[in-house]
Amino acid sequence: MAYAVGQTVEVCLEFDLPLAQGVRLVVASFANERGDIAELTDMPAGVSECFLQKPTQTSLRGRAAYPGFYELKGLRVEHLRGVTYLEPPGIGFEVQDKPKVIDWRLA
């Protein structure tokens, strides 16, 4: 599925997170072929489509300001004891310059 510039992107990931030591924040850094960065952060399970599909998944959401194909370059978990860096899985998403309009009609 392709997204439009500025549209909310949701990526579902399933991986073993370190045990939560209080507050935890998952941050995924994606980069396109031109080096533009999009950072996605985790969302609460109650608003996540990923969690509804499979409770062991983590939902990451954010927005990309530029078009291109974004690949996951870095994955970090911030918690009270510091930061844990994880090996990122090979995933990505596409962002198009403009949204495609299927059909517009004025009634």
Side-chain angles (χ1 to χ4, degrees):
M1 175 178 177
Y3 297 92
V5 169
Q7 183 179 8
T8 300
V9 174
E10 183 171 359
V11 174
C12 302
L13 290 180
E14 185 170 356
F15 54 92
D16 293 326
L17 289 173
L19 292 175
Q21 303 291 326
V23 178
R24 179 178 70 203
L25 174 67
V26 179
V27 180
S29 298
F30 288 81
N32 67 11
E33 57 277 358
R34 295 183 326 187
D36 300 318
I37 303 293
E39 284 199 340
L40 280 61
T41 57
D42 60 333
M43 298 297 295
V47 296
S48 168
E49 290 295 322
C50 299
F51 189 79
L52 294 174
Q53 295 171 22
K54 194 170 185 183
T56 56
Q57 294 187 107
T58 297
S59 174
L60 301 169
R61 284 190 184 172
R63 293 175 190 209
Y66 302 98
F69 185 79
Y70 286 79
E71 293 184 86
L72 182 57
K73 298 296 182 184
L75 191 60
R76 71 183 188 272
V77 180
E78 300 173 2
H79 45 84
L80 292 178
R81 294 188 181 227
V83 176
T84 302
Y85 293 92
L86 302 171
E87 186 66 31
I91 64 167
F93 58 88
E94 183 179 356
V95 175
Q96 298 174 350
D97 193 21
K98 296 179 183 175
K100 292 183 179 179
V101 177
I102 305 294
D103 191 359
W104 280 95
R105 288 190 186 177
L106 295 174

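The structure displayed is predicted, hence computed values, not measured ones.
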For F69, side chain to side chain contact (heavy atoms under 4.5 Å, CB included) partners two or more places apart: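 Checked F69 against side chain to side chain contact (heavy atoms under 4.5 Å, CB included); matches are E33, E71, E94.
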
For a quick test of reading the model, state the closest non-hydrogen atom pair linking [X] to [Y] and the distance between them.
| X | Y | answer |
| --- | --- | --- |
| V95 | A64 | CG2-CB, 3.7 Å |
| A65 | V5 | O-CG1, 3.3 Å |
| A28 | L75 | CB-CD1, 3.8 Å |
| R61 | E10 | NH2-OE1, 3.0 Å |

Partner residues of E39 under the side-chain hydrogen bond (donor to acceptor under 3.5 Å, both in side chains) criterion, sequence neighbours left out: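 Result, side-chain hydrogen bond (donor to acceptor under 3.5 Å, both in side chains) vs E39: S29.
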
Rounded distance [0.5 Å steps], CG in L13 versus CG in L60: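 Output value for this atom pair is 5.0 Å.
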
Measuring from atom CG of L86 to atom CG of L72, what distance do you get when rounded to the nearest 0.5 angstrom?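 Separation between the atoms: 10.0 Å.
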
Kindly work out whether a path of hydrophobic side-chain contacts (I/L/V/M/F/W/Y, heavy atoms less than 4.5 Å apart) joins V11 to I37.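 Each belongs to a different hydrophobic cluster.
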
Please say which of R76, E78, H79 ends up in a side chain to side chain donor-acceptor pair (under 3.5 Å) with T84.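 That would be H79; it is the only one of R76, E78, H79 passing the side chain to side chain donor-acceptor pair (under 3.5 Å) with T84.
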
Give the ring-plane orientation class for F93 versus Y3, where under 30° counts as parallel, over 60° as perpendicular and anything between as tilted.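 Judged by the thresholds at 30° and 60°, the geometry between F93 and Y3 is perpendicular.
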
Look at the side chain of D42 and the backbone N and O of V26, then say whether any donor-acceptor pair between them is shorter than 3.5 Å.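 A pair under 3.5 Å: yes.
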
With distance as the sole test, does N32 use its side chain to make a donor-acceptor pair with the main-chain N or O of P67 at under 3.5 Å?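 At least one qualifying donor-acceptor pair exists.
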
Which residues end up grouped with Y85 if you chain together Ile, Leu, Val, Met, Phe, Trp and Tyr wherever their side-chain heavy atoms are less than 4.5 Å apart?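 For the cluster that includes Y85, the remaining residues are V83.
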
Given side chains that start at C-beta, do those of P88 and K73 come closer than 4.5 Å, heavy atoms only?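 P88 does not reach K73 side chain to side chain.
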
